[in-house]
There are 2 protein chains.
Amino acid sequence: MQNNIDQTDLGILKLLQHDASLTNKELSYKLNKSIATIHERVKRLKEQGYIKKIVAILDRKKVGSNLVAFSQVLLNDHAADTLNEFEKEVTKFPEVMECLQMTGAYDFFLRIATSDMDSYHTFYRTKLATLPNITTVQSFFVLSEAKSDTAYPL
Amino acid sequence: MQNNIDQTDLGILKLLQHDASLTNKELSYKLNKSIATIHERVKRLKEQGYIKKIVAILDRKKVGSNLVAFSQVLLNDHAADTLNEFEKEVTKFPEVMECLQMTGAYDFFLRIATSDMDSYHTFYRTKLATLPNITTVQSFFVLSEAKSDTAYPL
DNA sequence: ACTGAAAGATAGTAGGC
DNA sequence: GCCTACTATCTTTCAGT
């Protein structure tokens with residue numbers, strides 16, 4: 001944490017990462033600052049990259065992503081080029097929401113959203129498994145989400 | 001996917017899940033509808049729960065979450081009460097961003113954000129490991145994020 | 001459903017403390 | 001760095017098609 005942000009900035013970040021539809025007026029009331037001050041802070045937090053983006057979180061089942069999988073991928077070669085090439089190709093698939101390189105027995109964790117098991121199967125056979133240098137893919141499927149937050153502890 | 005949404009609604013969802021700072025005016029231009037129509041659609045998509053919330057996505061390293069872990073948890077008892085109790089308690093920890101019940105050898109996947117390995121260790125010893133009925137916890141740490149999206153394929 | 005236009009609210013700017 | 005006040009822009013409502 002770079003300490004060029006103060007308590008007011010932190011307050012703004014805490015609130016906006018849970019609800020970015022709050023107006024500057026509402027923030028100014030909650031944080032006891034003027035609207036102009038809040039406006040200036042929020043602008044700076046965006047410019048300096050503390051706030052990367054504002055997004056709408058959708059109900060995944062309502063938009064057809066009924067099946068979410070975590071697939072752990074092991075490659076047969078760990079040269080930088082091989083890892084980069086895998087990342088470059090796998091991140092192109094819209095089903096792949098996340099691609100994380102990890103410690104442990106596998107190289108990557110992928111979060112994959114599809115409509116059902118058939119379409120996961122199709123994704124696996126026609127997209128994921130066609131990528132070069134894959135040794136093993138082990139997949140787990142989400143049964144339920146007791147918590148699903150994008151907010152970091154602040 | 002319930003089919004009470006049309007191509008315009010889908011267009012709105014596609015755009016807003018990547019950038020919710022788009023104004024109705026900008027959406028109306030991109031989707032060739034009037035501002036009032038877009039306004040009405042967005043309002044309905046929120047009311048019907050397609051859009052669950054609008055959030056700011058922060059730069060995790062800038063706000064001190066330098067270490068992200070996925071911890072797989074196995075419980076020693078799979079009665080509904082035990083599972084519910086675990087979920088109820090573990091989701092209270094602010095470090096736990098996600099708690100997903102999963103298929104496979106483990107019961108839960110937790111996404112845990114801390115500032116460094118020391119503070120992960122403290123979290124593990126003073127919070128996670130104090131919960132009852134845990135048999136095994138296996139943790140993997142994020143090395144890099146080639147893709148990290150909240151947007152579902154639409 | 002969609003539109004255009006009015007009314008109300010918010011974002012963004014400027015000047016001063 | 002913070003404020004008040006002003007202007008520009010956007011949201012929200014509504015009568016009309």
Side-chain angles (χ1 to χ4, degrees), chain A residues 1-64 149-154, chain B residues 1-65 149-152 154:
Chain A
M1 174 125 48
Q2 294 154 15
N3 271 342
N4 47 355
I5 64 169
D6 64 12
Q7 282 305 114
T8 303
D9 292 319
L10 207 55
I12 291 170
L13 294 176
K14 277 188 196 181
L15 289 163
L16 291 186
Q17 73 170 344
H18 287 108
D19 183 4
S21 69
L22 289 168
T23 64
N24 289 345
K25 189 181 176 186
E26 290 167 317
L27 290 172
S28 74
Y29 178 75
K30 287 176 192 283
L31 298 169
N32 293 307
K33 299 282 172 185
S34 75
I35 294 175
T37 298
I38 296 294
H39 177 260
E40 187 180 60
R41 300 300 194 100
V42 171
K43 192 180 165 199
R44 193 171 52 74
L45 289 167
K46 285 179 182 170
E47 284 167 357
Q48 296 186 346
Y50 286 87
I51 296 172
K52 291 204 293 186
K53 54 184 174 176
I54 308 293
V55 301
I57 303 295
L58 308 186
D59 184 315
R60 69 174 173 84
K61 292 188 181 174
K62 282 210 164 76
V63 296
D149 262 14
T150 53
Y152 295 100
L154 290 182
Chain B
M1 175 123 51
Q2 294 153 13
N3 272 341
N4 47 354
I5 63 169
D6 63 14
Q7 282 305 114
T8 303
D9 293 318
L10 207 57
I12 291 169
L13 294 176
K14 278 188 195 180
L15 289 163
L16 291 185
Q17 74 170 344
H18 286 107
D19 183 3
S21 68
L22 289 167
T23 64
N24 288 345
K25 191 182 176 185
E26 290 168 317
L27 291 172
S28 75
Y29 179 74
K30 287 176 192 284
L31 299 169
N32 293 307
K33 299 281 171 184
S34 74
I35 294 175
T37 298
I38 296 294
H39 177 259
E40 186 178 63
R41 299 300 193 102
V42 171
K43 192 180 165 200
R44 193 170 51 75
L45 289 167
K46 286 179 179 166
E47 284 168 355
Q48 296 188 346
Y50 286 88
I51 296 172
K52 290 203 294 187
K53 54 184 175 179
I54 308 293
V55 301
I57 303 296
L58 307 187
D59 184 315
R60 69 174 172 85
K61 293 188 181 173
K62 282 209 164 76
V63 296
S65 287
D149 262 13
T150 53
Y152 295 100
L154 291 182

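Just so it is clear, the values below take in all heavy atoms, side chains as well, and ignore hydrogens, waters and symmetry mates.
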Applying salt bridge (charged side-chain N to carboxylate O under 4.0 Å, His left out) to A/Arg41 and A/Asp9, what does each step give before you reach the verdict? CA-CA 7 Å; A/Arg41 300 300 194 100; A/Asp9 292 319; 2.9 Å; yes

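- Rounded to whole Å, the distance from NE2 on B/His39 to C1' on C/dG4 is 15 Å.
- Within a 6.0 Å radius of NZ in A/Lys46, no more than 12 heavy atoms belonging to other residues, nucleotides or ligands are found.
- Taking the side chain as every heavy atom from C-beta outward, B/Leu16 and B/Leu27 approach each other to under 4.5 Å.
- The distance between atom OH of A/Tyr29 and atom P of C/dT10, rounded to the nearest whole Å, is 15 Å.
- Residue B/Ile35 is in base contact, counting any heavy-atom pair closer than 4.0 Å across all strands shown.
- Between B/Leu22 atom CG and D/dC10 atom P the separation is 12 Å, expressed in whole Å.
- B/Thr23 comes within 4.0 angstrom of the backbone, heavy atoms only, and of no base.
- Side-chain N/O atoms of B/Thr37 include none lying less than 4.0 angstrom from OP1 or OP2 on C/dA1.
- Protein atom CD of B/Gln7 is 15 Å distant from nucleotide atom P of C/dA1, rounded to whole Å.
- B/Lys25 has its NZ atom 15 Å from the C1' atom of C/dT10, to the nearest Å.
- Atom CD of B/Gln7 sits in a sparse spot, with 12 or fewer heavy atoms from other residues, nucleotides or ligands closer than 6.0 Å.
- Between A/Lys33 atom NZ and D/dC2 atom P there is a gap of 5 Å when expressed in whole angstrom units.
- When the nucleotides C/dA11, D/dC14, D/dC10 are ranked by their closest atom to the side chain of B/Ala36, D/dC14 comes out on top.
- Side-chain N/O atoms of B/Arg41 include one lying less than 4.0 angstrom from OP1 or OP2 on C/dC2.
- Contact annotation: B/Lys43 side-chain N/O to D/dT12 OP1/OP2 distance is not under 4.0 Å.
- Within the 4.0 angstrom heavy-atom criterion, no nucleotide atom of any strand lies near B/Arg44.
- Under the 3.5 Å distance criterion, the side-chain polar atoms of B/Asp149 are left unmatched by any main-chain donor or acceptor of B/Ala151.
- Rounded to whole angstrom, the span from the CD1 atom of B/Ile5 across to the C1' atom of C/dA1 amounts to 17 Å.
- Nucleotide C/dA1 holds its P atom 8 Å from the CG atom of B/Asp6, rounded to whole Å.
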